[in-house]
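Here's the structure we're looking at; comments come further down.
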Amino acid sequence: MHNANAAKSSKAALTEAKLTFWWALAVFSTATAAAWSLTGESLWLDELHTSWCIEGNWVDLQERSQAGNQPPGYVLLISSLHWTVSQMAGGAHDWILRIPSVLAHASSSLVLFVLSSKLLRERKRQESNPLFCDGLAAAISICWFCLDRSQLFFASEARAYALLQLVQFLGWLCTWQYIRPNDAGNMRTHFLLLWGLSSAIGLHLHFMAALAILWQGITLLIVVTVRGAPKATIGFFITALCTAAICFPTITQGVPVWQRRDQWQSFAGNTDWHYAATMFPLLSFLVLPTLVLFLDRIARSKHEASGPAEIEPSKLWSKTLFWLVAFTGPWLTAWAVTAVKFAPVFHSRYVLCSAIPLVALGICLVAQIRRRSLQIAAVSIGFCCLFYCQGYLQVWRAGQFIGWQRGEDWRAASAWIEDHISAGDEIWCAAGLIEGENLSLPISERLDEYLTFPFRGAYKVQDSGGQFVNPNTLVADAGLWPSQWMKQETVEQGGARTRFLICRAAPQQLGQVLEYLKRELRRAGYELELTQPIQSFGTLSAASVRGDF
């Protein structure tokens, strides 16, 4: 009889494992497909920096990545992958640069599914329905990763943020596993080592990984100190020091980046609380589970007879507190640092590490709701709120599918120029980079190369003779453009030249700038005429002009 029950239990466990596997496969496949479907769009400016970094020699990686305020770790990974895949695929392609983000996005959804399933099974562990728990966990994972437009944005671009989010999420999981003693009451040392490894990888991917690492370290230090475990405290400090030593070269490379931090004010200086709340639309997902849980607790206190508890209350509440710290810690730190004007770092890309802990916090709340019907209602209505807050209705009314945030079609702009450019013609690029602001003329050759990287990486232009055309920089201040364009000597052989001008602006704005250029050049004795109508490529505008400058 005992053997029969054991065999039955073993068979049930095997069936449950197979069920979980198929749910996990569905989550991974859906997240991958969602991210991959958006990789056909042209690389935008920040992605083109990644493309430009890998175009140089290996010795140039550090200098080029540092120019874009990035550590070289991710660029080194992309460069290796790009070379390998391009050899196999027979040439370079944009999608190669986006593969790591797509896979990281799908892997994050997979890890979140596993965590969600375990949290949902905490209550009534012996009575839990694996099909229901896994199904609800899969729905939460898939819906969040496919409905949150911020996630889709970072999941389909050639930058480090999707991979960094995955690494930091794993760091939080290692932190939780370490502070949660095993059955013998001992702390699992290997999870502390894994936390150190994830911290080192995170800092090599991006300097802003320090936001999550700081709070992971604070959590570890508080727990080992409160428990009065001297060996664990010593082990923590040794791990932290070893991690700092491994990352010391990257930290030193971040010093000049830190000195330029005031430049970030143009995109990361907003500390308005409305902006802070809308940074994570998934906050709307927390409201209903919290309300339902509150009502469920009231109903239970009135109708539940005295008896043994379904689960130790401290288990899920301790996890809820942990994920609350993981969400709010980096988020509020970035807000405070920006609010006191120490460094403008309050931006979605820098606090993306708080996104998955926010979902885990919501799942902890859902897991504590007693009735399955209320759990389903809370999750369903919560995601309807997310759908509404993301503005999908307005996007669809505008005739778009997702209302994509990039809209910089550098690929089409490059192709248009290549169709019209002849040998001897020039390209002048006003990319709108913050490094191009407040400059005086002349600019250095090194800075000129950096400010024109959109046409030095993935979207190089060849003239009619098959030669690559090196672009020239137009600084952010259009008032300096006439000085950049006017020559001090006559053109050899007395001929005029054609210049292709491209900038991140609307066609009307470019038209106004061209009128200004005509007036200023005419005063200096030069003529300028528009040879091609102004072209629009999303948020980019391009024009072809001819003159004797």
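Being a predicted model, the structure only gives us computed values, none of them experimental.
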Locate the shortest heavy-atom distance separating [X] from [Y]; write the atom from each residue and the value.
{"X": "Ala343", "Y": "Trp258", "value": "CB-CH2, 3.5 Å"}
{"X": "Phe154", "Y": "Ala162", "value": "O-CB, 3.4 Å"}
{"X": "Cys353", "Y": "Gln168", "value": "CB-OE1, 2.7 Å"}
{"X": "Phe327", "Y": "Ser354", "value": "O-OG, 2.9 Å"}
{"X": "Arg504", "Y": "Gly432", "value": "NH1-O, 3.7 Å"}
{"X": "Ala34", "Y": "Leu152", "value": "CB-CD2, 4.1 Å"}

Rounded to the nearest 0.5 Å, what separation is found between the [atom1] atom of [X] and the [atom2] atom of [Y]?
{"X": "Gln70", "Y": "Leu205", "atom1": "CD", "atom2": "CG", "value": "10.0 Å"}
{"X": "Asp94", "Y": "Arg411", "atom1": "CG", "atom2": "CZ", "value": "4.5 Å"}
{"X": "Leu166", "Y": "Ile356", "atom1": "CG", "atom2": "CD1", "value": "7.0 Å"}
{"X": "Ser348", "Y": "Trp331", "atom1": "OG", "atom2": "CH2", "value": "13.0 Å"}
{"X": "Gln66", "Y": "Phe207", "atom1": "CD", "atom2": "CZ", "value": "6.5 Å"}
{"X": "Thr30", "Y": "Ile142", "atom1": "OG1", "atom2": "CD1", "value": "4.0 Å"}

Would a 4.5 Å heavy-atom cut-off, applied to side chains only, mark [X] and [Y] as touching?
{"X": "Pro71", "Y": "Leu203", "answer": "no"}
{"X": "Ile363", "Y": "Leu112", "answer": "yes"}
{"X": "Leu115", "Y": "Phe169", "answer": "yes"}
{"X": "Thr243", "Y": "Ile213", "answer": "no"}
{"X": "Leu352", "Y": "Gln151", "answer": "yes"}
{"X": "Trp264", "Y": "Val257", "answer": "yes"}
{"X": "Trp44", "Y": "Leu540", "answer": "no"}
{"X": "Phe191", "Y": "Ile179", "answer": "no"}

Backbone of [Y] reached by a side-chain donor or acceptor of [X] within 3.5 Å:
{"X": "His49", "Y": "Arg64", "result": "yes"}
{"X": "Thr338", "Y": "Val345", "result": "yes"}
{"X": "Thr271", "Y": "Trp335", "result": "no"}
{"X": "Arg227", "Y": "Val224", "result": "no"}
{"X": "Thr39", "Y": "Trp95", "result": "no"}
{"X": "Ser101", "Y": "Glu157", "result": "yes"}
{"X": "Gln375", "Y": "Ile369", "result": "yes"}

When you measure from the centre of the six-membered ring of Phe153, is the NZ or CZ of Arg159 closer than 6.0 Å and no more than 45° off the axis?
no
Does Phe322 have Arg180 sitting over its ring (NZ/CZ under 6.0 Å from centre, angle to axis within 45°)?
no
Between Leu45 and Phe453, does the side-chain contact (heavy atoms from CB on, under 4.5 Å) criterion hold? Intermediate values first, please.
CA-CA 9 Å; Leu45 189 65; Phe453 65 68; 4.0 Å; yes
Sub-6.0 Å ring centroid separation between His206 and Tyr74:
no
Is the Phe28-Trp36 ring centre distance short of 6.0 angstrom?
no
Looking at Tyr275, I'd like to know if its OH atom is crowded, meaning that more than 12 non-hydrogen atoms belonging to other residues, nucleotides or ligands lie closer than 6.0 Å.
yes
Decide if atom CH2 of Trp22 counts as having more than 12 heavy atoms of other residues, nucleotides or ligands within a radius under 6.0 Å.
no
Only pairs under 3.5 Å count here: list side-chain donor-acceptor contacts from residues 130-141, not counting sequence neighbours, and write none if there are none.
from   : atom 1 : to     : atom 2 : distance (Å)
Asp134 : OD1    : Ser117 : OG     : 2.4
Asp134 : OD1    : Arg121 : NH2    : 2.8
Asp134 : OD2    : Thr20  : OG1    : 2.8
Asp134 : OD2    : Arg121 : NH2    : 2.9
Ser141 : OG     : Phe113 : N      : 3.3
Ser141 : OG     : Ala137 : O      : 2.9

Quick one: do Gln368 and Thr320 satisfy side-chain contact (heavy atoms from CB on, under 4.5 Å)? Show the steps, please.
CA-CA 10 Å; Gln368 294 183 76; Thr320 302; 3.2 Å; yes
Go through the steps to decide whether Ser65 and Leu61 satisfy the test side-chain contact (heavy atoms from CB on, under 4.5 Å), and finish with yes or no.
CA-CA 6 Å; Ser65 60; Leu61 287 179; 5.5 Å; no
I'd like to check the salt bridge (charged side-chain N to carboxylate O under 4.0 Å, His left out) partners of Arg98; sequence neighbours left out, ordered by chain and number.
Glu47
Less than 3.5 Å apart, which donor and acceptor atoms pair up between the side chains of residues 194-202 and the rest of the protein, not counting sequence neighbours?
from   : atom 1 : to     : atom 2 : distance (Å)
Trp195 : NE1    : Gln216 : OE1    : 2.8
Ser198 : OG     : Trp195 : O      : 2.8
Ser199 : OG     : Trp195 : O      : 2.9

Yes or no on side-chain contact (heavy atoms from CB on, under 4.5 Å) for Val325 and Ile218, after CA distance, side-chain angles and deciding distance?
CA-CA 10 Å; Val325 171; Ile218 290 175; over 6 Å; no
